[in-house]
Structures are given as C-alpha cells and as structure tokens.
There are 2 protein chains.
Amino acid sequence: MPHRDDSVETIQQEMTAFARRARATAARMHPELSLVSYTLLAHLDDQRGCRATDLAAHYFLDKSTVSRQIAALEKLGFVERRVDPDDHRVQVLHPTEKGAQVLANVTASRRQAFHERLADWDETDLDRFATYLRRYNAAQERLG
Amino acid sequence: MPHRDDSVETIQQEMTAFARRARATAARMHPELSLVSYTLLAHLDDQRGCRATDLAAHYFLDKSTVSRQIAALEKLGFVERRVDPDDHRVQVLHPTEKGAQVLANVTASRRQAFHERLADWDETDLDRFATYLRRYNAAQERLG
DNA sequence: TAGATGTAGTTGTAGAGTACAACGTAAGCG
DNA sequence: CGCTTACGTTGTACTCTACAACTACATCTA
C-alpha cells in the first residue's frame with residue numbers, strides 16, 4: 001500500500017490529465033453539441049426545466065455566459081423559453097422536442113464510449129469508482 | 001450493488017462535472033498560471049526538457065496552440081529554448097529557474113487543495129481511487 | 001404609494017484557448 | 001541538386017468565458 005501522499009499525488013495528476021483532454025474529446029465526438037451546451041441541455045432535461053440563474057449557480061458560470069449559451073441553443077431550436085406567469089423577470093427554460101432528441105443521441109453515444117472504456121472492469125470496481133468520484137466532487141463543491 | 005449501467009452512468013456524469021469545473025477552479029486558484037500553461041510547464045519539468053511537437057502529441061493539442069502557449073511562457077520568463085545542435089529545426093524547451101520556482105509554488109498549492117478535499121478519506125480508499133483513475137485514463141488514451 | 005433596493009437577464013467588450021491552413025526553414029535522401 | 005518530410009510560426013476565425021453596464025421587473029419600507 002502506497003503512502004497517502006503518493007495516492008493524492010496520483011489522483012491530482014490523473015484528474016488534471018482528464019480535465020485537460022475532456023473538452024477536445026467531447027468536441028471531436030460531438031461537433032453538434034459542445035461539452036458546455038450538452039451539460040446545460042442535460043441539466044434542463046434532468047430538472048424538467050429551470051432558470052438561467054439556476055444553471056449559472058450550478059455550473060459556476062457567469063450569468064452572461066449562460067445567457068449566450070442559451071441563446072445559441074435556442075437559435076438551434078434545442079431550447080424554448082416560457083415566461084413565468086408569476087414573475088415576469090423569470091424565463092423557465094425547457095428542451096424542445098428536437099433538443100431532447102439530439103440530447104438523447106449524444107447521451108447514447110457518450111454512454112457507449114464510456115462503456116467501451118470501462119468494458120473490462122468488473123462490477124465491484126465500477127461501483128467503487130463511481131462512489132469515489134461522487135464523493136470527490138461533493139467535497140470539491142463543499143470546499144470550492 | 002447497483003447495476004453495471006448505473007455505475008457507468010454515474011462515472012460519466014461525475015467525470016464530466018469535474019472537467020466542466022477544473023479550468024475555472026484552476027484559474028481562480030492560480031491566476032498566474034492557467035491549467036494549460038501549468039500542465040505544459042509541469043511536463044517540461046518532469047521530462048527535463050522536451051520539444052514542442054512532443055507536447056502537442058502528448059496533450060492532443062495543435063502545434064500552433066503549443067507554439068503560442070510556449071511563446072507566452074517564454075515572455076513571462078518561465079521557459080527557455082535551446083536549439084538542438086544536431087538538428088537546427090528543433091528547440092528543446094526547458095523551465096527557467098523562475099519557471100521552476102513558480103511551478104513549484106503552484107504545485108504545492110494544488111497539492112494542498114487536493115489534500116484538503118481528500119482529508120477524510122482513509123488510505124485504502126485513496127489508494128483504490130488513484131488506481132482506478134490511472135486505469136481509466138490509460139484506457140482512454142488507448143481508445144481515443 | 002413613492003423611492004430604495006434587489007433579482008433576472010442581455011449586451012458591450014475583452015481576453016484566453018483552440019484549430020486549420022499557409023508558410024518558412026531545415027534535414028534527409030534519391 | 002531537387003523532392004519530400006519534419007518542426008515551428010503566423011494569419012485568421014471561432015468558442016468560451018468573465019466583468020461591467022444596462023433594462024426590466026419585483027419587493028420592501030417609510
């Protein structure tokens with residue numbers, strides 16, 4: 001068993017390497033929907049609609065960034081805005097039929113890529129890895 | 001124990017979430033050295049010098065991107081170029097004294113942040129998590 | 001109810017990161 | 001020598017992003 005410091009060092013290096021590559025990989029795999037757009041659209045789908053402000057808070061993005069991303073998704077016909085009748089400042093965002101369809105395609109293809117990468121892992125390892133990642137990200141959210 | 005598919009789904013989501021945040025976090029923590037610059041400089045330090053082409057291949061970056069990144073690092077005085085006496089096309093890149101110093105600072109601070117995030121993990125979990133990440137990244141490199 | 005304060009979202013601007021294409025220069029090889 | 005290949009730079013364009021200024025609406029308070 002390696003010393004605690006060595007493990008932390010490895011985790012740091014590997015997480016960094018992964019992050020460095022994620023965007024390029026995503027762009028190569030899905031030119032029609034960038035990593036950011038995908039994530040935002042997936043969140044809308046998952047939450048059955050939410051506000052731009054919620055997206056910004058959840059992904060640590062500036063509201064202007066979200067505003068432009070949403071505008072782009074709307075232009076592509078992937079997202080629609082419904083003004084909240086109780087508060088006219090608020091726009092509740094939803095994936096359109098078309099947006100949901102594209103999202104489903106990209107999700108399926110991403111899922112397949114992950115399945116390929118993890119094909120030779122046994123269930124115990126998969127389960128543990130998933131748990132560790134969730135735990136790590138939760139800690140990061142908590143600590144900034 | 002969850003089904004294989006659920007674990008894969010979680011791994012996908014968490015890895016994506018992590019990637020989405022890594023750049024912004026790095027920028028917040030180290031305005032003086034972006035995630036990309038840091039990674040390149042660290043690779044130079046690790047390899048005790050290498051060529052721009054090697055960096056491009058290793059990080060799946062276009063050679064023009066590397067060229068500009070290195071130019072920026074040179075302007076900051078963090079990297080120096082040594083023309084290979086045997087092949088005048090080649091520039092072997094090295095961190096300068098100053099570059100190595102900054103790198104050491106950022107590395108130390110990153111290491112501390114990771115230690116904080118992982119403070120309440122026991123050694124067995126750390127070791128397993130490190131192993132899983134290494135295995136995952138190796139698979140990704142192999143499969144593209 | 002009028003004015004202050006707060007919240008949601010957009011737009012102007014600027015900068016980083018990136019890719020692709022075109023180019024210059026230097027080897028390497030027939 | 002001239003063809004091809006390898007290394008690197010530069011021009012150009014696009015995406016993502018933040019910050020600041022702004023509009024519009026809502027809510028609170030005196």
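In the text below, chain A, chain B and the rest are named by the order of the sequence lines, each starting its count at 1. Values below: every heavy atom of this structure, side chains too, minus hydrogens, waters and symmetry copies.
- Contact annotation: B:Q69 side-chain N/O to C:dG17 OP1/OP2 distance is under 4.0 Å.
- Near DNA chain C, meaning a heavy atom under 4.0 Å away, there are no residues from residues 99-107 of chain B.
- Applying the side chain to side chain donor-acceptor pair (under 3.5 Å) criterion to B:Q101, with sequence neighbours excluded, gives no partner residue.
- Other residues sharing the hydrophobic cluster of B:L40, ordered by chain and number and joined by side-chain separations under 4.5 Å: B:L33, B:V36, B:Y38, B:L41, B:L44, B:L55, B:Y59, B:L61, B:V66, B:I70, B:L73, B:L76, B:F78, B:V79, B:L93, B:V102, B:L103, B:V106.
- To the nearest angstrom, P of C:dA16 lies 13 Å from CG of B:L33.
- Residues B:T10 and A:L133 form no side-chain contact, since every pair of their non-hydrogen atoms from C-beta on lies 4.5 Å or further apart.
- Looking at A:D122 and A:D125, their side chains come closer than 4.5 Å, going by heavy atoms from C-beta outward.
- Take the nearest nucleotide of DNA chain D for B:I70 and for A:V36: the residue whose nucleotide is more 5' is B:I70.
- Less than 4.0 Å separates DNA chain D from no heavy atom of any residue of residues 38-54 of chain A.
- Spacing between atom CD of B:E32 and atom C1' of C:dA16 amounts to 16 Å, rounded to whole angstrom units.
- Between C:dG17, C:dA8, D:dT9, one nucleotide has an atom nearer to the side chain of B:S67 than all others, and that is D:dT9.
- Counting side-chain heavy-atom gaps under 4.5 Å among Ile, Leu, Val, Met, Phe, Trp and Tyr, B:F60 is found in no cluster with other residues.
- Here D:dG8 is the nucleotide among D:dG8, C:dA8, C:dT10 with the atom lying nearest to any side-chain atom of B:Q91.
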For a quick check, with a 4.0 angstrom heavy-atom cut-off, what is the B/S/- contact string for nucleotides 19-30 of chain C, read 5' to 3'? BBB----BS---
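- The distance between atom OH of A:Y59 and atom P of D:dC16, rounded to the nearest whole Å, is 15 Å.
- Looking at residues two or more places apart in sequence or on another chain, you find a side chain to side chain contact (heavy atoms under 4.5 Å, CB included) between B:D86 and B:D84.
- Identified under the salt bridge (Lys or Arg N to Asp or Glu O under 4.0 Å) test for residues 95-113 of chain B, with sequence neighbours left out: A:E9-B:R111.
- Under the ring-ring contact (aromatic ring centres under 6.0 Å, His included) criterion, A:H58 pairs with A:H43, sequence neighbours left out.
- With a 4.5 Å cut-off between side-chain heavy atoms of Ile, Leu, Val, Met, Phe, Trp and Tyr, the cluster of B:V92 takes in B:V90.
- For residues 91-119 of chain A, no residue pair satisfies the ring pair (Phe, Tyr, Trp, His ring centres under 6.0 Å) rule, not counting sequence neighbours.
- Scanning for salt bridge (charged side-chain N to carboxylate O under 4.0 Å, His left out) contacts around B:R134 gives an empty result, with sequence neighbours left out.
- Between B:L55 atom CG and C:dT18 atom P the separation is 12 Å, expressed in whole Å.
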